[in-house]
Amino acid sequence: MASTNPARGMRDFLPADVRKRNYVIGIIKQVYESYGFEPLETPSVENLETLMGKYGDEGNQLVFKILKRGEKLDLANATTESDLSDLALRYDLTVPLARVVANNKNDLPKFFKRYQIQPVWRADRPARGRFREFYQCDVDCIGSESLVVEAEIISAASHILSKLGFKDFEVRINHRGLLGKMVADAGIENETDALVALDKLDKIGAEGVTKELVERGISEASADNFLAAVNGNTSNDDLDAVLAMCSELRVKIDPSLARGLSYYTGTIMEIVLTDGDFKGSIGGGGRYDGLIGMFGKEQIPACGFSLGLERILVVMEERGMFPPEIAESTPADVMVTIWSEETIADSLKLANELRSQGLRVTLYPEPDKLGKQFKYADQIKVPFVCILGESELAENKVTVKNLKTGEQTLCPTSEISAIILGG
RNA sequence: GCGGCUAUAGUUCAGUGGUUAGAGCGCCUGAUUGUGGUUCAGGAUGUCGAGGGUUCGAAUCCCUCUAGCCGCCCCA
């Protein structure tokens, strides 16, 4: 038998999951729009050449490539990857944005402030809180080199976390220029290796980082110099300016913050929870003044931030942070039963009357024993059941039962919504 | 990509070479032909992940594959 599991690293979202996701996405949209960011959507699929070379070597490996189709797919004579694949699923939302900006410069305002909440795909190995298809919630501001952009983006992301109920979190910032200088001053040639090792400082400590630097072929003297620089005077004008504009927020300079994506050029930032046992960032971003220029046109400055929806959801689930109306939501306010074949039309009519009174109404889909119908109502957690049986029809009334209290009322149709909304 | 662990009913798991593979939960039926959530009685459900091997005999031992989990790597 074929497996009924979704494909590796992919997930089905059952109704309860979707409600929680929509709740979080709703707040993210609302906050981004309150800062004047506009929505953008781009295709799931990009041309392979659009994505390749934008994320570093590791990133290139993780791009989800799509096999060529029809006559273009010539397996017998294929010798390179580009003979087999010409498209790929998008790896993040930033590179597609850069492509859109490069392609639509004349139609976009001088400063393009957009948000985008869509899934991205990575051919990664799935782990806890890590999937092959996951949503990112990006905000970016295109066209300005001003550090006001950084400040505002940090503010928006902080705002969202507060509104979702997070209390202990902080934004850590660093600067690619500062990192590059420290690496060069220490006499280290391979900047990527140095940064990857440095990024683990809070996890494995100074000794661990030194060890890893040496393992990556960097001399012990250089490694020590590098770490000394990180712990020494790390002042940077850009970072100081951002800090000054974010005085109301919890922002901290973290000289060990590196971030993997290769397209960042200036400020880099990450948002982390400082309470509980969730390690790792739940969002990050930075300035990428060179990326849009990689599409061969004008060089345009840009800066953005991405919140990881899945990680936010994992933590909110573990901590029970969803409001009761989301956590205990029901598909309908009331369920209408069907007494018999002969009364189907009456039940259909009743359901529609209740809908026109503003209620969410679910109809039991077939005549059945009342016990079965109640059991189903209980299972889907609707709070009220309407019974329209022979005796009710004879009186032109409906029995309404409150499933929580067990209370039952016989009343005309017109009074039902008052009972349900009042109860 | 590397290392370790796991795969048995819808689900969580027990079963370490010997009849017909079990349990909890869930599901179905009835007690209750106009009333759920509680209770009681009864019932159904399996390619024991796939393929091969050892054996008189394999869910159990061996090999291969596949999938999942944990750690490393990397990342949101």
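Quick note on labels: first sequence line is chain A, next is B, and so on, each numbered from 1.
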Think A/R287 forms a cation-pi with A/Y264, using NZ or CZ under 6.0 Å from the six-ring centre and within 45 degrees of its axis? no

Is there aromatic stacking of A/F134 against B/A76, centre distance under 5.5 Å, plane angle under 30°? yes

Could you pull out all residues at least two apart from A/R21 that satisfy salt bridge (Lys or Arg N to Asp or Glu O under 4.0 Å)? A/E310

Go through B/C75, B/G34, B/G3 for me and flag the one nearest to the A/R122 side chain. B/C75

On a whole-Å scale, what distance lies between the C1' atoms belonging to B/G10 and B/U16? 27 Å

A/K372 has its side chain closest, among B/C72, B/G34, B/U29, to B/U29

Give the residues of residues 22-33 of chain A touching RNA chain B, defined as any heavy atom closer than 4.0 Å, sorted by residue number. none

Test salt bridge (Lys or Arg N to Asp or Glu O under 4.0 Å) applied to A/K20 - qualifying residues, sequence neighbours left out: A/E317

Write down the distance between CE (A/M10) and C1' (B/A67), rounded to a whole number of angstrom. 15 Å

In whole Å, what is the span from the CD atom of A/E310 to the C1' atom of B/A76? 8 Å

For atom CD of A/E248, decide whether the heavy atoms of other residues, nucleotides or ligands shown that lie under 6.0 angstrom number more than 12. no

Closest non-hydrogen atom pair between A/A258 and A/L179, with its separation: CA-CD1, 4.2 Å

Which value, in whole Å, describes the distance between the P atoms of nucleotides B/G49 and B/A31? 40 Å

B/C75 base to A/R311 side chain: any donor-acceptor pair below 3.5 Å? yes

Are any of the side-chain nitrogens in A/D124 or A/R132 under 4.0 Å away from the carboxylate oxygens of its partner? no

Between B/U6 and B/A44, how far apart are the two P atoms, rounded to whole Å? 34 Å

Remember a base hit wins even if backbone is also touched, and classify A/E392 as base, sugar-phosphate or nothing at under 4.0 Å, heavy atoms. base

Atom CG of A/L93 and atom C1' of B/A76: how far apart are they, to the nearest Å? 11 Å

Which base, if any, makes a Watson-Crick or G-U wobble pair with B/A41, both distances under 3.5 Å? B/U29

Checking contacts here: which listed nucleotide (B/G36, B/C72, B/C74) is nearest the side-chain heavy atoms of A/E212? B/C74

Taking the P atom of each, how far is B/G18 from B/U60, in whole Å? 11 Å

Gap between atoms CG and P, on A/L198 and B/C75 respectively (whole Å): 13 Å

When you compare B/U45 with B/G3, how far apart are their C1' atoms, in angstrom units rounded to a whole number? 39 Å

Picking from B/A76, B/U35, B/G36, which would you name as closest to the side chain of A/L370? B/U35

Whole-Å distance, A/K375 NZ to B/U39 P, equals 11 Å

Using a cut-off of 6.0 Å, state whether more than 12 heavy atoms not belonging to A/E407 lie near its atom CD. no

Can you tell me, in whole Å, how much space there is between the C1' of B/G71 and that of B/G26? 34 Å

Measure from NZ or CZ of A/K401 to the centre of the six-membered ring of A/F374, then state whether that distance is under 6.0 Å and the direction lies within 45° of the axis. yes

Between B/A76, B/G36, B/G34, which one does the side chain of A/W339 approach most closely? B/G34

Establish whether the base of B/G26 is bridged to the side chain of A/Q379 by a donor-acceptor pair shorter than 3.5 Å. no

Once you apply a heavy-atom cut-off of 4.0 Å, does A/L309 come out as touching a base, just sugar-phosphate, or nothing? nothing

Can you measure A/Y376 atom OH to B/U35 atom C1' for me and round it to whole angstrom units? 17 Å

Please confirm whether the shortest side-chain N or O distance from A/K200 to OP1 or OP2 of B/C73 is below 4.0 Å. yes

Of A/G283 and A/K369, whose nearest nucleotide on RNA chain B comes first from the 5' end? A/K369

Tell me the partner of B/A67, counting only Watson-Crick (N1-N3 plus N6-O4 or O6-N4) or G-U wobble (N1-O2 and O6-N3) with both under 3.5 Å; none if nothing fits. B/U6

Could you tell me how far B/G43 sits from B/A9 if I compare only their C1' atoms? Round to whole Å. 14 Å

Counting Watson-Crick and G-U wobble pairs only, both distances under 3.5 Å, name the nucleotide matched with B/C13, or none. B/G22

Quickly work out the A/L257 CG to B/A76 C1' distance and round it to whole Å. 14 Å

Face-on cation placement of A/R122 at A/F134 ring, 6.0 Å and 45° thresholds: no

Please state how far atom CG in A/D368 lies from atom P in B/C28, giving the value in whole angstrom units. 11 Å

Heavy atoms only, 4.0 Å cut-off, all strands: where does A/G406 land among base, sugar-phosphate and nothing? base

Can you figure out which of B/G36, B/A76, B/U35 approaches the side chain of A/Q408 most closely? B/U35

Would you confirm whether the ring centroid of A/Y91 sits within less than 6.0 angstrom of the ring centroid of A/F64? no

B/U35, B/A76, B/C74: which one has an atom nearest the side-chain heavy atoms of A/S281? B/A76

Could you tell me whether A/V196 contacts a base, only the sugar-phosphate backbone, or nothing, with contacts defined as non-hydrogen atoms closer than 4.0 Å? sugar-phosphate

For atom P, what is the distance between B/G42 and B/G34, given to the nearest Å? 27 Å

